[in-house]
Amino acid sequence: MAPMLEVRSVRAAYGPVVALREISIRVPERSIVTLLGANGAGKSTTLRVISGLMRPAAGAVIFDGLPIGGRPADWVVRQRIAHVPEGRQIFATLTVEENLRLGAYTRDDRAGIQDDMTRVFAYFPRLKERRRQVAGTLSGGEQQMLAMGRALMTRPRLLLLDEPSLGLAPLIVKDIFRIIQAVNEEDGVTILLVEQDARVALSVASYGYVLETGRVAVHATAAELKANETVRRSYLGY
Amino acid sequence: METFFAQLANGASTGALYGLLALALVFIFRATDVVNFAQGEMAMFSTYLGWSISRPLSLSWIPFLGVDRHLNLLTWRPEVFGLPLYLGSENDGLTRLGYLVVLVVTVAIAFVMGALIERLLIRPSEGKNLLNAVIVTLGIFAFLNSLANFRYGPVPQTYPAPFRGDAVDFGLFKMSQHSLFALVVAAVLMIAVYVFFQRTKLGLGVRAAALNPSASQLMGINTGRMLTLGWALAAAIGCVAGMLIAPALSGISPNLMFGILLYGFAAAVLGGLDSALGAVVGGIAVGVGQSMVVQYVGSQWSDIIAFGLIIAILMVRPTGLFGAPAVKKV
């Protein structure tokens, strides 16, 4: 069966700096797949190419049989692909509620939006308490929750998460990964997860790709990656 | 005491117009981070276009109307079964309906002009140094000013105003009908802008696109369209300001907005360049301040005090009274 998302031999560069030499990945529907690797390996760039923030120089991105590579980001999100970008990128001077309403910008179904707002508040009760607060005043963990909640408001079929654990205390990371798992299992959202913390990523993912300087170095099921000591030592660092 | 209140009322009315121009500046600044130095000239030029279409228009180029037909929008008096469809008229034959039609058509033209300026002139410098866009606005300023001089000449022309009767007596002071009208229109527009930004999805989209373009795209917002909309709306607001200012001064001339733009800047800086509320409060404060200085200190002091104030505010509180404290690159 064809995967939900297929990235086929994609290359991309920031001006003269080549970020992706050749990346091919497959994400089956309803799975959690993780992209691992060191800084500068091309993990974030891969997500940016998928969500349309960056044009690939070569290769194809296929979502549900539809070629989406090179299309603008505001079109891609309408195909129900949501991207929680590096550094969260919340709208700092807008309120929590305005941030969430912006997540539903592409939608007109009032009742559905209200349902999803309720669902997001159920996942992240802290956001409900702070709904009238300006987003820039939230803690790092709360901002991550808001970025995820905002992405969920687009009612995605595929969720791209860029380093959700970055800069957060271990307890909060645990909380966030529990929710990632719930979103996947209960709402049936497919997830492509970029992480530096390989241990926590492999605890939720079923399949993993290890990237090195813009190429896929290794890819295998999460269990195999965890079991292979060479891979763990040389690429995952634990 | 009566003079004091009269100055207060007139100052507030002029100030509301400064506030409108400041609002247009804030609109563009919030949407694109660009200070639009051409705002005044865009307003002046669209005000001239309004003057053009309020003249008798020759329709002789439309064959079936005959050679001698002229359309004069300002004195348009449509009637149905002998009942007038227009409201009131002044002794120069102008009808309120005619004025309203001219106003709406002119503002629509200004809206399109703003959108075209953004698309054709500002867009190519987008994403590069912000200074490029600012210099482009200076170019538009010079171009529109020269074009108006070339097309309409430097002599001021009288400008139509819908309310020109006796001053209204409020007991404590009297206020001209036009000042009162300008104040009401400005207030309505300011409330409309506030509602647009704070209560509508499109307004939220414009704010988001200005705050963080790439995150906005991820939300499905077409950020390019938001920038065009921001320029178009700012041009429309500036046009209304121009059409209200021209009759209050000695009529319209190519240099109509020179001084006004400076006071508009003063208002925007006083209130904070990124705050719509600040623009309004700043505008009224500048207007009232100016008329007080003219009355009690001397008119030659009004510019010195106004711009001394801008410099003082920029030193003490660079973001203005209502501006966000965050540091912005300009």
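First the proteins, then the strands, lettered A, B, ... as listed; each starts at 1. The structure displayed is predicted, hence computed values, not measured ones.
- Considering only residues two or more places apart in sequence or on other chains, A:Arg107 meets the salt bridge (charged side-chain N to carboxylate O under 4.0 Å, His left out) condition with A:Asp109, A:Asp116.
- With values rounded to the nearest 0.5 angstrom, A:Asp74 atom CG is found 9.0 Å from B:Met226 atom CE.
- Using a 4.5 Å cut-off between heavy atoms, B:Thr223 makes no contact with chain A at all.
- Interface with chain A: from residues 193-207 of chain B, residues B:Gln198, B:Lys201, B:Leu202, B:Leu204, B:Gly205, B:Arg207 qualify, criterion being any non-hydrogen pair under 4.5 Å.
- Surrounding CD of A:Glu6 are more than 12 heavy atoms belonging to other residues, nucleotides or ligands, all under 6.0 Å away.
- Listed here is the closest heavy atom pair of A:Leu53 and B:Gln217: CD2-OE1, 3.9 Å.
- No part of A:Ala92 comes within reach of chain B, as not one of its non-hydrogen atoms sits under 4.5 angstrom from that chain.
- Between A:Thr106 and B:Met219, the shortest heavy-atom contact is CG2-O, 3.6 Å.
- When the shell of 6.0 Å around CZ of A:Arg80 is examined, it contains more than 12 heavy atoms from other residues, nucleotides or ligands.
- A:Arg78 approaches B:Gly220 most closely through the heavy-atom pair NH1-O, 3.0 Å.
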Quiz: residues 277-287 of chain B side-chain donor-acceptor pairs under 3.5 angstrom, not counting sequence neighbours:
none

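- Annotation: side chain of A:Leu102 is in contact with side chain of B:Ile221 (closest heavy-atom distance under 4.5 Å).
- Closest non-hydrogen pair, A:Val77 versus B:Leu218, comes out as CG2-O, 3.3 Å.
- Here A:Phe63 pairs with nothing under the ring pair (Phe, Tyr, Trp, His ring centres under 6.0 Å) rule; sequence neighbours left out.
- Annotation: A:Arg131, atom CZ; neighbour count of heavy atoms from other residues, nucleotides and ligands within 6.0 Å is above 12.
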